[in-house]
Amino acid sequence: MVIRIAAVGDVHLDQDVVGRFRPALEELPDTADVLLLAGDLTRHGTESEARCVATEFGGLGVPVVAVLGNHDYHCDEVPAVIRVLEDAGIVVLEGTNVVLDCTGVRLGIAGAKGFGGGFAGRCASEFGEPEMKDFVRTTSAISEQLGVALREMDCDVRVALTHYAPVPDTLAGEPPEIYPFLGSYLLGQAIDSAPTELALHGHAHAGSERGTTPGGVRVRNVAHPVIKQAYSVFHLHPPYAGATAGKVSAVSASGIS
Ligand SMILES: [Fe+2]
Ligand SMILES: [Fe+2]
């Protein structure tokens, strides 16, 4: 049984964007089993923008599972944003997980926004000023929650969903100076702590699509400016037992400008 996962991030919806994705989204029940949204769903994180997200991604005929991004936090309306999305039937993960039944296969999705900090040899450490220690502790706590959420699932296939990047591979194209603000190796370690089949993220608009964690988990940057289509669809092929046992293939999907 092949699991078909559609995904996109960084749609940055506001009133003027509503409707652009919908024609391609209407085809989802024929092409995918689930749609994953990798954060930055809104432009500034207002409740009214969240209603635009609900209009665009609600009632699609497939389950929709999301994490929030940094833009969704900007106006400090996170509880209202989450409520609006959940009222539209969108599952919002933050250090939590959900297991979906895909025609007999249990698809487990663990999600967290993630945070920055950087990557091996170029990362912030929990040292010095309280503000720096808070920064790194935030990433550590979120990564720990993601790891637990991945490991505790009773499922056949594990997928990790974040906004921030777990590896530097998919940042290629971004200025190296901003890598510490685009992701953290701690997210990659969390993903590698479970037999994860696929890790999806957004946030790096100028990054690239493909990467791999040190443990061999396939990572894909699904930020809309990177994939340049309404969503990408990934096919997960059995066997699913471990990070390297299965096969991931990407198929194209309907594009929008
Ligand atoms: Fe973004
Ligand atoms: Fe972002």
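In listed order, ligands and their atoms are each counted from 1. Residues take their numbers from the sequence shown, with the count starting at 1.
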Atom name of the N, O or S atom of His205 nearest to the Fe ion (ligand 1) is NE2
Per residue Asp10, nearest N, O or S atom to the Fe ion (ligand 1) is named OD1
Side chain to side chain contact (heavy atoms under 4.5 Å, CB included) test vs Phe57 passes for just one of Leu85, Leu28, Val11, Leu41, namely Val11
For the CZ atom on Arg22, are there more than 12 heavy atoms of other groups (residues, nucleotides or ligands in this structure) within a distance under 6.0 Å?
yes
Of Thr31, Asp33, Asp30, the one forming a side-chain hydrogen bond (donor to acceptor under 3.5 Å, both in side chains) with Arg4 is Asp33
**Prompt:** Of the backbone and side-chain N, O or S atoms of His163, does one lie nearer to the Fe ion (ligand 2) than 2.8 Å?
**Reply:** yes
ask   = Under 2.8 Å from the Fe ion (ligand 2), is there an N/O/S atom belonging to Tyr164?
value = no
Per residue Asp40, nearest N, O or S atom to the Fe ion (ligand 2) is named OD2
Atom name of the N, O or S atom of His203 nearest to the Fe ion (ligand 2) is ND1
* Asked: Between His203 and Tyr164, what is the ring plane arrangement, given parallel below 30°, perpendicular above 60°, and tilted in between?
  -> tilted
**Asked** In terms of the angle between their ring planes, are Phe119 and Tyr179 parallel, tilted or perpendicular, with boundaries placed at 30° and 60°?
**Response** perpendicular
key: Test item: Arg158 and Pro195 side chains (from C-beta on) under 4.5 Å apart, heavy atoms   = yes
- Message: Below 2.8 Å, can you find an N, O or S atom of His71 next to the Fe ion (ligand 1)?
- Response: no
